[in-house]
Q: 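So that we are looking at the same thing, I have put the structure below in structure tokens.
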Amino acid sequence: RALLFTPPLAALATACPELAPWCADRQRGGAKVGAFTLCAGLRFAPGEALEEHGTPFHQLLLPAPLPWGGGRSLFLSFSRADEPGRAPPGSRALTVSTHVDAPAAWASGRFADDAAAVDSIAAAMRAAIERAFPSLARAEWRPFLPGTPRTFARYTLRPDGAVGGLGHGLALPPWRAAGARTPLPGLYLAGDTVFPGQGTPAVVQSAENAVQAIERDG
């Protein structure tokens, strides 16, 4: 029998305290970022509409980092015009995410209760989106719900609200990252904190690696 564990390594350290030192070593030096999110309803005036640009999904690259967090990319997902289950006629639903530094500080409450920090990031995100989509500067944003890494941790159970796995670099080269096997026989890993790391293709490859390891181990 084999058990495949897909949550982050930080969660494995909590679930299996005996593996905590091993998990810490496999994460040492890896860059961690948290998710700051924004969910909004966009209501357009008569005759106004969203610039489609051919896709409901967009990534905005910012000329300067966001305040309080350092994020320089916004990932946008709009509901489609023919998707009435997401928003009423004349409106769109919008979900936005970005990365912020020091997710543990947010999750512990260092910034989570600081309304000025939350409002500052959310306002900068909205301003960047309105520059890219001029019609949104004339739309009504309601509801307007920002979420910190603490919010992300609450709803996804990812420790500290961390997202995007572990960034590889000189401090954490790929060959030192956790692989499919663990020190516990029969326990295998997949996910964005396991080699080869971040991104959908990498996570899929980590799952394939785990399947192959399970088959080879019988």
Q: Got Arg131 and Leu60 here, is their nearest side-chain heavy-atom distance under 4.5 Å?
A: no
Q: Atom NE2 of His58 and atom CZ of Phe133: how far apart are they, to the nearest 0.5 Å?
A: 4.0 Å
Q: When hydrophobic residues are tied together by side-chain contacts of less than 4.5 Å, even through go-betweens, does Leu145 share a cluster with Ile121?
A: no
Q: Among all residues two or more places apart in sequence or in another chain, which pass the side chain to side chain donor-acceptor pair (under 3.5 Å) test with Gln205?
A: Asn209
Q: Evaluate the side-chain proximity of Leu187 to Leu12: yes if any heavy-atom separation is below 4.5 Å, no if none is.
A: yes
Q: Less than 4.5 Å apart, any side-chain heavy atom of Thr148 and any of Phe36?
A: yes
Q: Do you know which two heavy atoms are closest between Ala180 and Ala210, and how far apart they sit?
A: CB-CA, 3.7 Å
Q: Are the side chain of Trp141 and the backbone N or O of Leu136 linked by a donor-acceptor pair below 3.5 Å?
A: yes
Q: Taking side chain as C-beta onward, heavy atoms only, is Val100 less than 4.5 Å from Leu66?
A: no
Q: So, Thr193 side chain and Pro8 main chain: donor-acceptor pair closer than 3.5 Å or not?
A: no
Q: Write down the atom of Ala202, the atom of Pro196, and the distance for their closest heavy-atom approach.
A: O-CD, 3.4 Å
Q: Which value, rounded to the nearest 0.5 Å, describes the distance between Asp217 atom CG and Gln212 atom CD?
A: 11.5 Å
Q: Given the rule in the side-chain contact (heavy atoms from CB on, under 4.5 Å) test, do Thr95 and Thr37 qualify, once you have shown the distances and angles that lead to the verdict?
A: CA-CA 7 Å; Thr95 303; Thr37 59; 5.8 Å; no
Q: Do Asp160 and Phe152 come within less than 4.5 Å of each other through their side chains, counting heavy atoms only?
A: no
Q: Taking the side chain as every heavy atom from C-beta outward, state whether Leu189 and Leu9 have any atom pair closer than 4.5 Å.
A: yes
Q: Tell me every residue that passes side chain to side chain donor-acceptor pair (under 3.5 Å) with Arg43, counting only those two or more places apart in sequence or in another chain.
A: none
Q: With a 4.5 Å cut-off on side-chain heavy-atom distances among I, L, V, M, F, W and Y, is there a chain of contacts connecting Phe5 to Phe195?
A: no
Q: Say whether Glu48 and Ser135, considering side chains only, have a donor N or O and an acceptor N or O under 3.5 Å apart.
A: no
Q: Tell me whether the rings of His99 and Phe75 are parallel (<30°), tilted (30 to 60°) or perpendicular (>60°).
A: tilted
Q: With sequence neighbours excluded, give me every side chain to side chain donor-acceptor pair (under 3.5 Å) pair touching residues 11-26.
A: Asp25-Arg28
Q: Are any of the side-chain heavy atoms of Leu42 and Phe78 separated by less than 4.5 Å?
A: yes
Q: Check the surroundings of atom CZ in Arg72: do more than 12 heavy atoms from other residues, nucleotides or ligands lie under 6.0 Å from it?
A: yes
Q: For the backbone of Val203 and the side chain of Ser206, can you confirm whether one donor and one acceptor N or O come within less than 3.5 Å of each other?
A: yes
Q: How far apart are the closest heavy atoms of Ala171 and Arg176, and which atoms are they?
A: O-NH2, 2.7 Å
Q: Please give me the minimum heavy-atom distance between Ala87 and Ala93, naming the atom from each residue.
A: CB-N, 3.8 Å
Q: Is there a side-chain contact between Trp106 and Val118, using heavy atoms and a 4.5 Å cut-off?
A: yes
Q: Answer yes if Leu184 and Tyr188 sit in the same cluster of Ile, Leu, Val, Met, Phe, Trp and Tyr residues linked by side chain heavy atoms under 4.5 Å apart, and no otherwise.
A: no
Q: Is it the case that one hydrophobic cluster holds both Leu62 and Leu94, taking links as side-chain heavy atoms less than 4.5 Å apart, direct or via other members?
A: yes
Q: Write down the atom of Trp68, the atom of Ala117, and the distance for their closest heavy-atom approach.
A: CD2-CB, 3.5 Å
Q: Given 3.5 Å as the limit, does a donor-acceptor pair link the side chain of Arg158 with the main chain of Pro149, or not?
A: no
Q: What are the two closest heavy atoms between Ala139 and Arg126, and how far apart are they?
A: O-NH2, 4.4 Å
Q: Quick check for you: to the nearest 0.5 Å, what is the distance between Arg154 atom CZ and Leu157 atom CG?
A: 11.0 Å
Q: Rounded to the nearest 0.5 Å, how far apart are CG of Leu76 and CD1 of Ile129?
A: 4.5 Å
Q: Do Phe144 and Met125 sit in one hydrophobic cluster, given that two such residues count as connected whenever their side-chain heavy atoms are within less than 4.5 Å of each other, even indirectly?
A: yes
